[in-house]
A.B. asks: 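First the structure, which I've put down as structure tokens, then a few questions once you've had a look.
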Amino acid sequence: MKEFDYSEVKHYKLYGFIKTVFKPIIQPLYKMKFKGVENIPQGNEKFIVAVNHTCAFDPVFAAAPKEMPALHFMAKAELFKNPFAAWFITHMYGFPVKRGQGDNSAITYGEKIIEEGHVMAICPEGRRIKDKNGVPQKAKSGVAVIAKATNSGVLPVAICANEKIKIGTKVTVSYGKLITPEEMGFDKEDFGPHDIKAAANLVMDRITELWRAEVERD
């Protein structure tokens with residue numbers, strides 16, 4: 001696997017092309033609806049998009065509205081072993097993270113993305129949830145670590161479906177209200193590891209609330 005270049009945040013034209021061309025195709029295939037799009041921050045506000053992990057298309061679903069800026073998203077390092085896949089994911093602003101290994105390169109790169117005025121997307125659960133009836137699970141600490149380091153808000157996004165997501169599935173993408181740094185307690189003088197976990201749990205709780213509001217309604 002060619003090593004990913006974490007030294008700078010590069011810009012590619014493929015992302016905009018794919019979003020423009022494929023959204024009109026993907027939206028009817030998955031019977032997609034978008035709710036809470038007005039909650040997507042506009043302007044120069046720093047924020048991270050946090051999405052529950054239901055399928056490989058989660059970043060695509062979350063990025064689909066025209067109001068959403070380009071999303072630089074964490075992807076498991078194994079996806080980058082294939083040279084073509086690595087090229088495509090990189091040009092779609094994906095970057096590798098080695099799960100369960102405390103990957104500081106990915107964390108530092110995520111911070112760089114935000115500090116340079118871009119938007120990062122992360123699945124706080126750290127892995128795809130293939131069972132548990134699709135119910136969002138506990139968050140890893142990464143989303144809170146990066147948000148704290150950059151003093152960023154977090155936009156909770158829930159990918160909602162009543163079944164395993166496949167072509168023909170009705171998918172609702174629900175955008176919640178931005179969770180501010182103050183809500184996550186980043187202004188506390190004695191902010192520590194316990195507070196990091198509490199902030200990550202708050203993010204996941206907001207995602208779960210959005211998910212339940214849609215799935216339990218149907």
A.B. asks: With distance as the sole test, does Tyr15 use its side chain to make a donor-acceptor pair with the main-chain N or O of His72 at under 3.5 Å?
C.D. replies: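 Between the backbone of His72 and the side chain of Tyr15 there is no qualifying donor-acceptor contact (under 3.5 Å).
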A.B. asks: Take Val154 and Val143 through the test side chain to side chain contact (heavy atoms under 4.5 Å, CB included) and record every step on the way to the result.
C.D. replies: CA-CA 8 Å; Val154 177; Val143 62; 4.3 Å; yes
A.B. asks: Please report the shortest heavy-atom distance between Ile26 and Phe61, naming the atom on each side.
C.D. replies: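 Nearest pair, atom of Ile26 first, then Phe61: CG2-CE2, 4.0 Å.
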A.B. asks: Quick check: are there more than 12 heavy atoms from other residues, nucleotides or ligands sitting under 6.0 Å from CZ of Phe57?
C.D. replies: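 It does not: Phe57 CZ has 12 such atoms or fewer within range.
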A.B. asks: Where the side chain of Lys19 meets the backbone of Ala63, is there a donor-acceptor pair that is under 3.5 Å apart?
C.D. replies: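 Yes.
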A.B. asks: State which residues pass side-chain contact (heavy atoms from CB on, under 4.5 Å) with His194; sequence neighbours excluded, sorted by chain then number.
C.D. replies: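 His194 satisfies side-chain contact (heavy atoms from CB on, under 4.5 Å) with no other residue.
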A.B. asks: Taking all non-hydrogen atoms of both residues into account, name the closest pair between Ser7 and Lys112 and its distance.
C.D. replies: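 Nearest pair, atom of Ser7 first, then Lys112: O-NZ, 3.4 Å.
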A.B. asks: Quick one: list whatever passes ring pair (Phe, Tyr, Trp, His ring centres under 6.0 Å) with Tyr109, sequence neighbours left out.
C.D. replies: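 Tyr109 satisfies ring pair (Phe, Tyr, Trp, His ring centres under 6.0 Å) with Phe4, Tyr6, Phe95 once adjacent residues are dropped.
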A.B. asks: Please list, chain by chain and in numerical order, all residues satisfying side-chain contact (heavy atoms from CB on, under 4.5 Å) with Lys197, sequence neighbours excluded.
C.D. replies: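 Lys197: side-chain contact (heavy atoms from CB on, under 4.5 Å) contacts with Ser141, Asn201.
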A.B. asks: What heavy-atom pair brings Ala144 and Ala200 nearest, and what distance separates the two atoms?
C.D. replies: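 That closest heavy-atom pairing would be CB-N, 3.8 Å.
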A.B. asks: Which heavy-atom pair separates Ala149 from Glu111 by the least distance, and what is that distance?
C.D. replies: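 Where Ala149 meets Glu111 most closely, the heavy atoms are CB-OE2, 3.3 Å.
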A.B. asks: Can you tell me which residue among Glu125, Lys140, Lys138 is in a side-chain contact (heavy atoms from CB on, under 4.5 Å) with Met204?
C.D. replies: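 Testing Met204 for a side-chain contact (heavy atoms from CB on, under 4.5 Å) against Glu125, Lys140, Lys138 leaves exactly one candidate, Glu125.
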A.B. asks: Considering residues at least two apart in sequence or located in another chain, which fulfil the ring pair (Phe, Tyr, Trp, His ring centres under 6.0 Å) criterion with Phe34?
C.D. replies: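 Partners of Phe34 under the ring pair (Phe, Tyr, Trp, His ring centres under 6.0 Å) test: none.
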A.B. asks: Could you list all the salt bridge (Lys or Arg N to Asp or Glu O under 4.0 Å) pairs where at least one residue sits in residues 8-18, not counting sequence neighbours?
C.D. replies: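 Every salt bridge (Lys or Arg N to Asp or Glu O under 4.0 Å) pair that includes a residue of residues 8-18, provided the two are not neighbours, is Asp5-Lys10.
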A.B. asks: Which residues pass the side-chain hydrogen bond (donor to acceptor under 3.5 Å, both in side chains) test with Lys166, not counting sequence neighbours?
C.D. replies: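 side-chain hydrogen bond (donor to acceptor under 3.5 Å, both in side chains) check on Lys166 returns Glu163.
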A.B. asks: Which is it for Leu155 and Met68 under the side chain to side chain contact (heavy atoms under 4.5 Å, CB included) test, yes or no, and what are the steps along the way?
C.D. replies: CA-CA 11 Å; Leu155 184 73; Met68 181 65 78; 4.0 Å; yes
A.B. asks: How would you list, by chain and number, every residue that makes a salt bridge (Lys or Arg N to Asp or Glu O under 4.0 Å) with Glu209, sequence neighbours excluded?
C.D. replies: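 Glu209 satisfies salt bridge (Lys or Arg N to Asp or Glu O under 4.0 Å) with no other residue.
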A.B. asks: With Tyr175, which residues qualify under ring pair (Phe, Tyr, Trp, His ring centres under 6.0 Å), at least two apart?
C.D. replies: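 Here no residue qualifies.
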A.B. asks: Tell me yes or no: between the side chains of Asn104 and Thr108, is some donor less than 3.5 Å from an acceptor?
C.D. replies: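 No, no side-chain donor-acceptor pair sits under 3.5 Å.
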A.B. asks: side-chain contact (heavy atoms from CB on, under 4.5 Å) with Leu29: which residues, sequence neighbours excluded?
C.D. replies: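 Expected list: Ile25, Ile167.
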A.B. asks: Just to verify, what does Phe191 make a side-chain contact (heavy atoms from CB on, under 4.5 Å) with, not counting sequence neighbours?
C.D. replies: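 Phe191 satisfies side-chain contact (heavy atoms from CB on, under 4.5 Å) with Lys148, Phe186, Lys188, Asp195, Ile196 only.
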A.B. asks: Are the aromatic rings of His11 and His91 close, with centres under 6.0 Å apart?
C.D. replies: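 That pair fails the under 6.0 Å test.
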A.B. asks: So, the side chain of Glu183 versus the backbone of Thr180: is there a donor-acceptor pair under 3.5 Å, distance only?
C.D. replies: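 Between the backbone of Thr180 and the side chain of Glu183 there is a qualifying donor-acceptor contact (under 3.5 Å).
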A.B. asks: Would you list the atom pairs, donor with acceptor, under 3.5 Å between side chains in residues 42-50 and any protein atom, with sequence neighbours excluded?
C.D. replies:
| residue | atom | partner | partner atom | Å |
| --- | --- | --- | --- | --- |
| Gln42 | NE2 | Ile40 | O | 3.1 |
| Gln42 | NE2 | Glu67 | O | 3.1 |
| Lys46 | NZ | Thr150 | O | 2.6 |

A.B. asks: Can you give me the closest heavy-atom contact between Gly176 and Asn39, atom names plus distance?
C.D. replies: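 Looks like O-CB, 3.1 Å.
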